[in-house]
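Structure record follows, encoded as structure tokens.
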Amino acid sequence: MIDSRNTPPHPAGRNIDILFRQPVSAPGGVHLAAMVFKPRRQAEPLPVIVEMTPYGADWGYAEGVRFANEGFVYVTVDCRGTGDSGGSFAPAANEAADFIAIFDWLVAQPWCDGQVATYGGSYSGMNQWLALGTGHPALRTIVPSAAAISGRNTPGGGIGSLYNLRWSALSAGHGTNMAWFSDVDYWHRAFEDAAQISIPAAELPEQLFGHALPWHTQKLEHTSFDASWSRHLPTPEAYSTWRGPVLSITGQYDSCLMSTLEHHRRLLQWGNNEMRSGSHLVIGPWNHSGCNDGNQQVGSLRFGDACRLDIMGLKLDWYRWVMKGGEKPAALKRGVLWYETGTEVWHACDALAEVTTALQPKALAAADGPNDVFHSGWLAEDAPATGPYHFICDPNDEALLEIEHQPRADAVQGFFAGNNSLFMTLGGEEPTSQAYATHLRGQGLVYHSAPLDAPLALAGTPRLDLRCSIDQPDADLVMLLYEIRADGRAIFLSSDAMRLRYRDGDGCERLNVPSETMTLRFDGARFFARTLARHSRIRLVVRHGMSLSHQRNGNSGKQVHLETPADRRPAAVTVEHDGPERSRLWLPLAAEHPPIELPHGR
């Protein structure tokens, strides 16, 4: 479930009945705990909407009351090893088998009419795709919001995340620890301490809070999207044989945007025609929590009233269409529905590739002297060849991380409130912060375009081809793309990240040949759709990817999860600005699609 702040008050609980701690027999002799919400005095079997969550049944209470008042049975089940369920929690490892047991149990209940659908976001979005992979005959549809995938989540590019340690405090037990999870000061201090401990990062859980987490070790050993993660997802055969429709929802500032799009890509690649033609993707302007409530603001960046889509109403209409013979939601006439910021309008098309008409190249060029946000290089289609720029990636420079101990003025409320964080910036959760362009300490480069002489509509995925050489076997690099308004305000557009050993994007490790010139292709950048204002500039930042919330890469070429502080060394990066393969940024020009009007939520 995704944290929600703006959900309308749910109907009175007086209209429902609740069955608590209902045991579901699962593989291995484990009993899962289910909480059932039914219309009061239910007279006939009804379709069931089920969510499997690691956060406890109470988190779904408002949804349960709402669904029961709308004529559905809603069931929330604690993931194995969490809440009141037995067994041990291992993310994504047991969900498919447990879903089969849940579906078998549901269809045997007198209050179920034999039709089942799934619900939820974030982790509960991911496990809906695992449910699809079971091919269970009772499953009619899945409706994942902001669905995660290990290896595709922020920061991406093969850079490991220590945020998983923080998340484990919330989810890796039979009770949630929200206060501990939310204490940003504690976690940033803990991550800083962890960087100084002369033990492998895989041993950090036991060192920091006296409790081993084997699955955390796996996340640090397999930081790219390799077979250890993809094996849990539906197989090509499962996609090709399942015939139910899918409604996927994400946002341009959602930290799980790219994982949601990866799920969608796999559906299109392997799904049968019936599944593909009936499925829909919605991309709003929202952040992670906004994918549940249609929130109009991320930090200090506010969107137009049109973005306040009634997401719960859309989902209810979808469930009625699939399981009760209702009308298909009017907003879903075409396969993809997306929101364009700047103009603040919705558009629709048949496939995500149709949002982009072409990629416009911008060559990178260097100015004389040192580079920083006030003395930047520039971006232009016809930029002349210039000399190189140099920066370093120094994993020993703790001063680079000082910015992450400072609170940000426009902090997003909810789960992600707190200090500056490169991790959250890459995930879109800090859309107006300029901290990672101004605080470089020689560990990054900044480029600006000339002011735009007319509004520029961009939509799709940008790409950066960085012609460079690096004098170490490995390094972590990130790119950040912004609109800089005429008044100096910054608006985040996109980002990408790369651990150099995973530069080919296939999950395989290939260490860099030190000082050999190459072209690094950042082609996993975040989707965005925005019309940039006249007189705005485009800002590109290329910098060291070190963050308190990232696994520290010592650049040595050793297995990063086994590195200690003694293994760390600076990596010198040289970026070239000449030659036929010179560095270029490619901007996605928006195709023309007429705006459409949708009813607003609250």
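Values in this document were obtained by computation on a predicted structure and should not be read as measured data.
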With sequence neighbours left out, write down each residue that passes side chain to side chain donor-acceptor pair (under 3.5 Å) with [X], or none if nothing qualifies.
{"X": "K333", "value": "none"}
{"X": "E340", "value": "T343, H347, T531"}
{"X": "R302", "value": "Q296, Q297"}
{"X": "H232", "value": "none"}

Indicate yes or no for a side-chain donor-acceptor contact from [X] to the backbone of [Y] under 3.5 Å, with no hydrogens or angles considered.
{"X": "Q252", "Y": "W338", "value": "no"}
{"X": "E344", "Y": "A306", "value": "no"}
{"X": "E95", "Y": "P91", "value": "no"}
{"X": "D310", "Y": "G313", "value": "yes"}
{"X": "T341", "Y": "A529", "value": "yes"}
{"X": "S495", "Y": "L426", "value": "yes"}
{"X": "T141", "Y": "P245", "value": "yes"}
{"X": "Y253", "Y": "F492", "value": "yes"}

*Output, in order, the C-alpha distance, side-chain angles, deciding distance and verdict of side-chain hydrogen bond (donor to acceptor under 3.5 Å, both in side chains) for Y119 and Q128.*
CA-CA 7 Å; Y119 173 86; Q128 291 185 63; over 6 Å; no
*Of all pairs that satisfy salt bridge (Lys or Arg N to Asp or Glu O under 4.0 Å), the ones with a partner from residues 257-267, not counting sequence neighbours*: R152-E262, E262-R265, E262-R266
*Could you list all the salt bridge (Lys or Arg N to Asp or Glu O under 4.0 Å) pairs where at least one residue sits in residues 238-248, not counting sequence neighbours?*
R243-E274
_Criterion side-chain hydrogen bond (donor to acceptor under 3.5 Å, both in side chains) on R66 and N69, from CA distance to verdict_ = CA-CA 5 Å; R66 176 74 183 272; N69 274 271; over 6 Å; no
For a quick test of reading the model, state the closest non-hydrogen atom pair linking [X] to [Y] and the distance between them.
{"X": "A117", "Y": "L139", "value": "CA-CD1, 4.1 Å"}
{"X": "I311", "Y": "N292", "value": "CB-O, 3.9 Å"}
{"X": "A92", "Y": "M126", "value": "CB-CE, 4.1 Å"}
{"X": "P155", "Y": "S161", "value": "CD-CB, 3.9 Å"}
{"X": "P234", "Y": "W129", "value": "CG-O, 2.9 Å"}

Are side-chain heavy atoms of [X] and [Y] found at a separation under 4.5 Å?
{"X": "Y339", "Y": "L309", "answer": "no"}
{"X": "W59", "Y": "T176", "answer": "yes"}
{"X": "F67", "Y": "V75", "answer": "no"}
{"X": "F522", "Y": "P462", "answer": "no"}
{"X": "H288", "Y": "N295", "answer": "no"}
{"X": "V73", "Y": "V36", "answer": "yes"}
{"X": "C349", "Y": "V355", "answer": "yes"}
{"X": "R334", "Y": "I596", "answer": "no"}

_Results of side chain to side chain contact (heavy atoms under 4.5 Å, CB included) for T461 - residues two or more places apart only_ = A525, F527
_side chain to side chain contact (heavy atoms under 4.5 Å, CB included) against H280, all qualifying residues, sequence neighbours excluded_ = L247, W318, K328, L332
*Walk me through it: do T134 and W242 pass the test side-chain contact (heavy atoms from CB on, under 4.5 Å)?*
CA-CA 9 Å; T134 68; W242 195 72; over 6 Å; no
*List the steps, then state whether side-chain contact (heavy atoms from CB on, under 4.5 Å) holds for V48 with Q109.*
CA-CA 10 Å; V48 174; Q109 304 307 308; over 6 Å; no
_Aromatic ring pairing W286/W346, orientation class (parallel under 30°, perpendicular over 60°, tilted between)_ = tilted
*Is the Y163 ring parallel, tilted or perpendicular to the F423 ring (thresholds 30°, 60°)?*
parallel
Quiz: residues 80-87 side-chain donor-acceptor pairs under 3.5 angstrom, not counting sequence neighbours:
residue: R80; atom: NE; partner: D98; partner atom: OD2; Å: 3.0
residue: R80; atom: NH1; partner: P27; partner atom: O; Å: 3.4
residue: R80; atom: NH2; partner: P27; partner atom: O; Å: 3.0
residue: R80; atom: NH2; partner: D98; partner atom: OD1; Å: 2.7
residue: T82; atom: OG1; partner: C79; partner atom: N; Å: 3.2
residue: T82; atom: OG1; partner: C79; partner atom: O; Å: 2.8
residue: D84; atom: OD1; partner: R21; partner atom: NH2; Å: 3.4
residue: D84; atom: OD2; partner: R21; partner atom: NE; Å: 3.0
residue: S85; atom: OG; partner: A33; partner atom: N; Å: 2.8
residue: S85; atom: OG; partner: D78; partner atom: O; Å: 2.7

*Please test I159 against Q551 for side-chain contact (heavy atoms from CB on, under 4.5 Å), starting from the C-alpha separation and ending with a verdict.*
CA-CA 7 Å; I159 298 177; Q551 180 191 40; 5.7 Å; no
*Who are the salt bridge (Lys or Arg N to Asp or Glu O under 4.0 Å) partners of R526, not counting sequence neighbours?*
none
_salt bridge (Lys or Arg N to Asp or Glu O under 4.0 Å) against D317, all qualifying residues, sequence neighbours excluded_ = R320
*Steps toward side-chain contact (heavy atoms from CB on, under 4.5 Å) verdict (V50, T118)*: CA-CA 5 Å; V50 61; T118 56; 4.0 Å; yes
*Under 6.0 Å from the CD atom of E237, do we count more than 12 heavy atoms belonging to anything else shown?*
no
*Which pairs, with at least one residue in residues 40-49 and sequence neighbours excluded, count as a side chain to side chain donor-acceptor pair (under 3.5 Å)?*
D17-R40
